[in-house]
Amino acid sequence: QKEVEQDPGPLSVPEGAIVSLNCTYSNSAFQYFMWYRQYSRKGPELLMYTYSSGNKEDGRFTAQVDKSSKYISLFIRDSQPSDSATYLCAMSGYNTDKLIFGTGTRLQVFP
Amino acid sequence: DGGITQSPKYLFRKEGQNVTLSCEQNLNHDAMYWYRQDPGQGLRLIYYSQIVNDFQKGDIAEGYSVSREKKESFPLTVTSAQKNPTAFYLCASSIASGQSEQYFGPGTRLTVT
């Protein structure tokens, strides 16, 4: 079993839809949770960074962490074609250099 | 204009040749990292450096080598001992070791034939 599981998609939605992207994990020591956006043939861009459980909102993006269920989510409101990319979740324990990445979910937002 | 630069964007080599990938950052970050990305797999850590003149192996260090002689630079050499070198290589940095916020460069696509 992988430490981090992420549905590869592709997830195809119409412009304006609310998108939900999810990851599950098995290691209860994870404390820090990140979402990266990666356009084709580009490096990942850090979108959201959260510590422990709870919600964090930034513009159209909301990150949720439920440590009791070992489940994290990224919600995108009013999705745009420019949101079409692969979304990677990543997580780590306390005071470690090692990030554990999901395999990424490919999102397509069509006009 | 602060950031991480990787060069070249595309690199082609013949099997049996060593090749060095460049990574430079002007963010004044202490820690730097090299990852490899393959289709259908998450990013995998090759090597990381917490401070100048120090580096540690990641999960898949075999067939790779690094150096960290300057804070700004962390080159990765893919040696002929690496069995499957064709991949997308990503360099990242963070302000300090143990800080989970890692920022990535644009990547280098290496193709070995």
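Side chains are part of it too, since the values below use all heavy atoms of this structure and drop only hydrogens, waters and symmetry mates. Just so we're clear, the structure is a prediction, and the values are computed from it rather than from any experiment.
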Would the number of heavy atoms belonging to other residues, nucleotides or ligands and lying under 6.0 Å from CD of Glu62(B) be above 12? no
Honestly, the part of Gln41(B) sitting under 4.5 Å from a heavy atom of chain A is backbone
Under 3.5 Å: donor-acceptor pair, side chain of Gln6(B), backbone of Gly43(A): no
Distance in Å, Arg44(B) CZ paired with Phe101(A) CZ, rounded so as to fall on 0.5 Å steps: 13.0 Å
With a 4.5 angstrom heavy-atom cut-off, which part of Pro8(A) approaches chain B: side chain, backbone, both or neither? neither
Heavy-atom distances under 4.5 Å only: say whether Tyr10(B) touches chain A with side chain, backbone, both or neither. side chain
Can you tell me how far the OH atom of Tyr48(B) sits from the NZ atom of Lys98(A), to the nearest 0.5 Å? 8.0 Å
Are the side chain of Asp97(A) and the backbone of Ser97(B) linked by a donor-acceptor contact shorter than 3.5 Å? no
Could you tell me which portion of Leu43(B) (side chain, backbone, both or neither) has an atom closer than 4.5 angstrom to a non-hydrogen atom of chain A? both
Side chain, backbone, both or neither: which part of Tyr36(A) has a non-hydrogen atom closer than 4.5 Å to chain B? side chain
Could you measure the distance from the CG atom of Leu99(A) to the CD atom of Gln102(B)? Nearest 0.5 Å is fine. 4.0 Å
Return the option, out of Leu46(A), Leu88(A), Val4(A), Ile100(A), with the maximum number of heavy-atom pairs under 4.5 Å with chain B. Leu46(A)
Distance (rounded to the nearest 0.5 Å) between Lys42(A) NZ and Phe88(B) CZ: 9.0 Å
Please flag which part of Gln38(A) lies under 4.5 Å from any non-hydrogen atom of chain B: side chain, backbone, both or neither. side chain
